[in-house]
Amino acid sequence: MSTENEGINEGTTPVPPAPSAPPVPVETPSAAPQPPVPDAGAPTTPLPQTPAAPADGVWPPPTAPAAATEWPPPTAPQAAPPAVPAYATTGAPAAPAYAEPGTHAYGATDGAVPQAGAAFGSGSGGGQPPVWGASYQQPAPKAGKGRGGLVAALLIAALVAGGLGGGIGYTLAKNDDSSGSTTVSSSTSGGAVKRDPGTVAGVAAKALPSTVTIEAESSNGEGGTGTGFVFDTQGHIVTNNHVVADAVDGGKVTATFPDGKKYNAEVVGHAQGYDVAVIKLKNAPSNLKPLTLGNSDEVAVGDSTIAIGAPFGLSNTVTTGIISAKNRPVASSDGSGSSSSYMSALQTDASINPGNSGGPLLDAQGNVIGINSAIQSTGSGGLGGAAQSGSIGLGFAIPINQAKYVAQQLIKTGEPVYAKIGASVSLDESTGGAKITDQGAGGSDAVEAGGPAAEAGLKPGDVITKLDDTVIDSGPTLIGEIWTHQPGDKVTITYERDGKTHTVDLTLGSRTGDN
């Protein structure tokens, strides 16, 4: 299976801010009051304006002389009806497209790093601000007399009655709360809740303080974001190789904890083939708590999983799922176009996205069972394209038993050590197994003289179909399976030659370094 690393290798594209809510139209001042005009046909009238008290203190003030004789008087001009705000946009803001490495072509052996191709893309979008119409115009009130006072009295009475009724209702509800209410109040809330250590919340609370967001930057300023976790009390952090690859030669690496504390770090060692790297914090704090490592060999399909990482730069994100498959052969590109990694992976449907790379995959007890490394994508664009890759429920993690061995080697010597059989195999997935090629990389012999395969009698053209009890259906599957072992392990190889099946035992050799 070919897939792709899910780390962000070209930097995190900032998420555009959400569009703000449209402003409320502002009312313009009401039109000047018009002279009172009787309206005999209206069933009710608005409340009259309260006249100001006269300066001489006489109350009620003398009635103004009636106006001239024309009846009915001319109707006062009404203000224009309110204009409805007119919205005009060019559409909702487009979702950003995030950089994502693409799939690659195979072309190497278990003794050489294969070439890989990658595709990246980014983009952004946005809408234009809304256009607003005319502001609301308050229509001029119609004047009247006679029933205005009645309406005012009724309005006041209604308000008083409403307040009284509300007060009575509140009093009755309060007095009856202990006997007739059907609602149930919690005795605890918020931070007072004690969560079982076996719950997702309990596991996350324990693991998050030991998980870091890693920012790696090359000497020319390129880089990206990934995740790592505390491996020991000396300040070593385990992550993916493709997370820190840009910073290997003269770059810069930082690690930020969930509490906001940020530390500079250095790359202690990295393994391209395993896609594992170790960094070490400078001036590491003394209270580091390493995550507990589980046993990935004992994981079963259906077991619960919890992934922690920084998908698309969103640090300290927790997602859940299950183990959906084991021993899944995965070959993935690191996005640089110069290397690939092979793994016999744990497959999970926990949501894993670019930026989760290097983060821990935990079991239900909070033990690390894998390192999140790759995702299967529905597609990718060409170089410079704008395709976006994200979780479709097919994520892959390096089993922790393998990653632990690699990390210890990197801390000890700074270089990875790979197990090998000493033969070049085809990376074509249609051979029905791992076929030993006629010629090795760079014109070398396909079967290394004096190597494990040669001593076991393997020859060019042989097709390896099983390693121990594991079925081998391609070269990448064989490489990933060999790399789950350590140099010196004895394995049983089943192969076909001239239509006949043969079985032979051999002892795995070793290769140091990525070159």
Side-chain angles (χ1 to χ4, degrees), residues 3-12 99-101 104 113 116 118 211-218 223-231 236-248 251 253-255 265-280 291 293 296 307-313 315 317 330-336 338-346 348 350 352-362 368-377 389 391 395-400 402-411 416 480 483 514:
T3 183
E4 57 194 45
N5 298 125
E6 40 72 34
I8 302 176
N9 294 303
E10 286 195 333
T12 303
E100 171 69 10
H104 71 287
V113 177
T211 306
V212 299
T213 298
I214 297 174
E215 295 180 0
E217 185 178 304
S218 66
T225 301
T227 309
F229 62 91
V230 177
F231 187 69
H236 290 108
I237 305 293
V238 173
T239 185
N240 281 143
N241 170 71
H242 72 264
V243 170
V244 299
D246 287 331
V248 170
V253 180
T254 61
E266 60 181 352
V267 179
V268 172
H270 62 106
Q272 291 179 351
Y274 291 125
D275 197 17
V276 174
V278 176
I279 64 174
K280 186 176 183 180
L291 291 182
L293 305 184
S296 53
I308 301 179
F312 298 111
S315 301
T317 295
V330 172
S332 61
S333 167
D334 70 350
S336 67
S338 61
S339 64
S340 291
S341 60
Y342 298 89
M343 68 186 90
S344 182
L346 297 175
T348 180
I352 297 175
N353 288 285
N356 276 103
S357 286
L361 184 68
L362 309 170
V368 181
I369 55 175
I371 301 177
N372 301 318
S373 181
I375 58 175
Q376 181 70 37
S377 175
S389 296
S391 174
F396 305 99
I398 304 167
I400 194 60
Q402 177 182 347
K404 176 183 177 181
Y405 162 74
V406 177
Q408 290 172 337
Q409 285 288 332
L410 294 176
I411 292 171
W483 286 355
D514 284 309

(request) Check step by step if side-chain contact (heavy atoms from CB on, under 4.5 Å) holds for T227 and N372. (result) CA-CA 9 Å; T227 309; N372 301 318; over 6 Å; no

(request) Check step by step if side-chain contact (heavy atoms from CB on, under 4.5 Å) holds for I237 and V278. (result) CA-CA 6 Å; I237 305 293; V278 176; over 6 Å; no

(message) How close do S296 and L346 get, counting heavy atoms only, and between which atoms?
(response) CB-CD1, 4.4 Å

(message) Is there a side-chain contact between S357 and T239 in this structure, where contact means two heavy atoms from C-beta onward sitting under 4.5 Å apart?
(response) no

(message) Quick check for you: to the nearest 0.5 Å, what is the distance between I398 atom CD1 and L361 atom CG?
(response) 11.5 Å

(message) Using every non-hydrogen atom in the two residues, find where T211 and I308 come nearest and quote the distance to one decimal.
(response) CG2-CG2, 3.7 Å

(request) Indicate the atoms forming the closest heavy-atom contact of S373 with N240, along with that distance. (result) CA-OD1, 3.4 Å

(message) Keeping D246 on the side-chain end and E217 on the backbone end, is there a donor-acceptor pair under 3.5 Å?
(response) no

(request) Compare every heavy atom of H270 with every heavy atom of L410, then report the nearest pair and how far apart it is. (result) CD2-N, 3.7 Å

(request) To the nearest 0.5 angstrom, please state how far the CG atom of L293 sits from the CD1 atom of I400. (result) 5.0 Å

(message) To the closest 0.5 Å, what do you measure between OG1 (T254) and CD1 (I214)?
(response) 8.5 Å

(message) To check you understand the geometry: which heavy-atom pair defines the closest contact between F229 and V368, and what is its length?
(response) CZ-CG1, 4.0 Å

(message) Within the 4.5 Å heavy-atom criterion, are Q408 and F231 side-chain neighbours or not?
(response) yes

(message) Has D275 got a side-chain atom pairing as donor or acceptor with H242's backbone, closer than 3.5 angstrom?
(response) yes

(request) Identify the heavy atoms of D514 and A271 that sit nearest to each other, and give their distance. (result) OD2-CA, 3.7 Å

(request) Kindly compute the distance separating CG (N353) from CZ (F312), expressed to the nearest 0.5 Å. (result) 4.5 Å

